[in-house]
Amino acid sequence: MRTHTSGELRLENKDQVVTLCGWVNAQRDHGGLVFIDLRDRYGMTQVVFDPDNGAEMLNLARSLRNEDVIEATGKVVPRGEKLVNPKLATGQIEIVVSKLTVLNRSKTPPFLPGSTEIANEEIRLKHRYLDLRRPQLQEAMIFRHKFSKLVRDYFDKNGFLDIETPMLGRSTPEGARDYLVPSRVHEGAFYALPQSPQIYKQMLMVAGFDRYMQIARCFRDEDLRADRQPEFTQIDVEMAFVKMEDILGMIDGLVAYVMKEMRGIDHPLPLPRMSYRDAAERFGSDKPDLRFGMELKCLGEVAARCGFGVFQTTIQNGGRVRGICAVGGAPKYSRKVIDELTEFVKTYGAQGLAFFRVNETGLDSPIAKFFSEEDQQAIIAKFEAKPGDIIFCVADKQKVTSAALAALRNRLGKELQLYDPKQMHFSWLLDFPLFNWNEEDKRWDAEHHPFCDPVTEDVPFFETDPGQIRAQSYDMIINGYEAASGSVRIHDPVVQQKVFDLLGIKEEEAEARFGFLLDALRYGAPPHAGVALGLDRWVMLFLGNDNIRDVIAFPKTQKAADMLTGAPAPVDDRQLRDLHIKVNTPK
RNA sequence: GGAACGGUAGUGUAAUGGAAGCACAUCGGUUUAUCAGACCGAAAGCAGAGGUUCAAGUCCUCUCCGUUCCUCCA
């Protein structure tokens, strides 16, 4: 139907007769003359209706409304010097229309895709097809496509095979809750949608496909967040005959490739690495935003000997007093704002938030009087603080100081604009502990999953100090988000048995839960390792968004509902009967 | 399982417990150079239920919906 798109005509196309199709972004009726901004995903072009080309067509043009779909044929005409619109890529020209066809009318839309004001998200999701007409979402979808293609190209060049794995699998009650699918044929039995293709990709390694990748949909029935959807897309990778370094190097290469293709940047390699322990101590987080400093410092000795009761008792009870220093923050954080910050850290379990403004002579704070001159100077030295800075401290159990200060650090970093929001900072976090002591249940839990290979030299700790054992696992952190996660898998049955023993998983239980995987690993499994990258998050971060819904065409609300289709919804009794299901909802 | 914030014409956004206003969109009209068109006019609204009060969009309780966070997400 069309000869060109609405984004491509320029001065060089002068005098050509062209046909454009698209949506009416705006109509300007000047009585004798009508202008239409015609929009498609490529851009916008002004088309003009002149009364010289017939009153009938002019009246038709006057009847056009926002989001009507039209086909317009006419001549490309340069605009007069004063009539050029510099805001449009096509602003040098316009189309003087000789033939107008209304392809379809639109109901009055609830909101205008071309408007600068953005409707409430609930409305946008209800009419997602209109929301997706907005240039911002169009760009997001286009970027997402390009990114996925680059990823596939990269792995293809490196000899990876794209192999699909099933959506209907078996529920393995570990980790997140499964989405279940009832079987019609097998009465009372259920499939589960995959939380990840983990088990299948390991089997593909056993099968000899030593380089596998897939852009895979994953499902987890857990609470949603700004960066978390119940179904999401993962770039799933597994390699055989490799060590951890090989995986890290392969993904380093992907980062460099994507940065080069997307941004024209030669990203230096290898990507920086940090140990879990370092990250916990310096940033209180296993996914620190490394675009800025503001590291956590420990006030241990000073807190123990100062006269401030809260600090003293915290130390006596085995807790910690830690803090961060906001450079130049003293004038920006008034008492009122600090009260807000206090409420903020309380949501992370902190009891309160101590603060010290740094001045020429020492510390200015309601609790400064509890600190001797030397201790005040010691604090200033610890934070390398200068007059005008403000120091915030939290006294609590180690875990709480970490959570509260890490969240506060992220907030302050953003508020104080300590980084360029367009910057992408990639790093690896390594040396995770293999096991976590679960204080409540008095037992060891797997930090990652029970198939994660321990660092070889740490294996003797199984008998002495399991908490010391490091895992051969790795997370990629981008701008404070966990953007990828993976591990070397256990292929040695002896090591696997040690892990199961420590986790208290009995042989029968292991066989019942993952017997099919364990069995596969017994038939000549090569050493293998893999990683999974969160595609939605990568796209979100590249686009500088802070909400994953903005890079997913049809996302779900926080209650995992689809506003567009009304899913989830009740089904016919007939369907339930076929599936041997009786619904029993409490009143 | 919990916390915070929010829901006002189609959309966005106002309104000390005392007359629900503005902008865009919509409908009718005028306008030959606009591009956030201009101008004249019209129509259109307090999420639902209950309560407090002389009086409730505003205060209270519950329900529904949305957002953010905690728990959760091996």
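The chains referred to below are lettered A, B, ... by the order of the sequence lines, with proteins before strands, and numbering in each begins at 1.
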Planes under 30° and centres closer than 5.5 Å, is that true for Phe111(A) with the base of U11(B)? no
Tell me which one of Leu58(A), Val97(A), Val96(A), Val48(A) satisfies side-chain contact (heavy atoms from CB on, under 4.5 Å) with Asn53(A). Val96(A)
By salt bridge (Lys or Arg N to Asp or Glu O under 4.0 Å), which residues pair with Glu509(A), not counting sequence neighbours? Arg513(A)
When the C1' atoms of A4(B) and A9(B) are considered, how many whole Å apart are they? 29 Å
side-chain hydrogen bond (donor to acceptor under 3.5 Å, both in side chains) filter on Asp562(A), not counting sequence neighbours, yields Thr565(A)
Distance check, C1' atoms only: U16(B) and C69(B), in whole angstrom units. 33 Å
Ignoring hydrogens and angles, answer whether the base of C73(B) and the side-chain atoms of Arg220(A) contain a donor-acceptor pair closer than 3.5 Å. no
Could you list the donor-acceptor pairs under 3.5 angstrom formed between side-chain atoms of residues 530-538 of chain A and any protein atom two or more places apart in sequence or on another chain?
unit_1, atom_1, unit_2, atom_2, d
Asp536(A), OD1, Arg144(A), NH1, 2.9
Asp536(A), OD1, Arg144(A), NH2, 3.0
Asp536(A), OD2, Thr233(A), N, 2.8
Arg537(A), NE, Asp227(A), O, 3.2
Arg537(A), NH1, Glu482(A), O, 2.8
Arg537(A), NH2, Asp227(A), O, 3.3
Trp538(A), NE1, Ala483(A), O, 2.8

Say whether Ser487(A) and Arg489(A), considering side chains only, have a donor N or O and an acceptor N or O under 3.5 Å apart. yes
What are the two closest heavy atoms between Asn13(A) and His4(A), and how far apart are they? ND2-NE2, 4.3 Å
Side chain to side chain contact (heavy atoms under 4.5 Å, CB included) with Lys14(A): which residues, sequence neighbours excluded? Pro78(A)
Just to be sure I understand the geometry, which residues of residues 558-566 of chain A put a non-hydrogen atom under 4.0 Å away from RNA chain B? Gln558(A), Lys559(A), Met563(A)
Separation of Glu117(A) atom CD from A25(B) atom P, in whole Å? 10 Å
Counting only non-hydrogen atoms, which of residues 42-56 of chain A are less than 4.0 Å from RNA chain B? Gln46(A), Pro51(A)
By side-chain hydrogen bond (donor to acceptor under 3.5 Å, both in side chains), which residues pair with Glu222(A), not counting sequence neighbours? Arg177(A)
Gln229(A) CD to C73(B) P: how many Å, rounded? 19 Å
If I take atom NZ in residue Lys556(A) and atom P in nucleotide C65(B), what distance separates them, rounded to the nearest angstrom? 17 Å
NA contact type, Arg549(A), heavy-atom cut-off 4.0 Å: base, sugar-phosphate, or nothing? sugar-phosphate
Without placing hydrogens or testing angles, list every side-chain donor-acceptor pair under 3.5 Å for residues 336-353 of chain A, not counting sequence neighbours.
unit_1, atom_1, unit_2, atom_2, d
Thr342(A), OG1, Ile338(A), O, 2.8
Thr347(A), OG1, Phe344(A), O, 2.6

Does Leu88(A) reach a base, just sugar-phosphate, or nothing at all? Heavy atoms under 4.0 Å. nothing
Let's see if you get this right: which residues in residues 394-410 of chain A place a heavy atom under 4.0 Å from RNA chain B? none
What is the distance, to the nearest angstrom, from the CZ atom on Phe35(A) to the P atom on U34(B)? 8 Å
Any N or O donor-acceptor pair linking the side chain of Arg225(A) to the base of U71(B) at under 3.5 Å? yes
Under the salt bridge (charged side-chain N to carboxylate O under 4.0 Å, His left out) rule, what pairs show up with a residue in residues 77-96 of chain A, not counting sequence neighbours? none
Under the side chain to side chain contact (heavy atoms under 4.5 Å, CB included) test, which residues partner Arg277(A), sequence neighbours left out? Ser275(A), Gln468(A)
Electrostatic pair Arg28(A)-Asp37(A), nearest N-O below 4.0 angstrom: yes
Can you give me the N/O atom pairs linking the protein to nucleotides 26-29 of chain B at distances under 3.5 Å, or say none if there are none?
unit_1, atom_1, unit_2, atom_2, d
C27(B), OP2, Arg65(A), NE, 2.8

Could you tell me the separation between the CG atom of Asp223(A) and the P atom of G2(B), rounded to a whole number of Å? 12 Å
Phosphate-side-chain proximity, Asn547(A) and U67(B), N/O vs OP1/OP2 below 4.0 Å: no
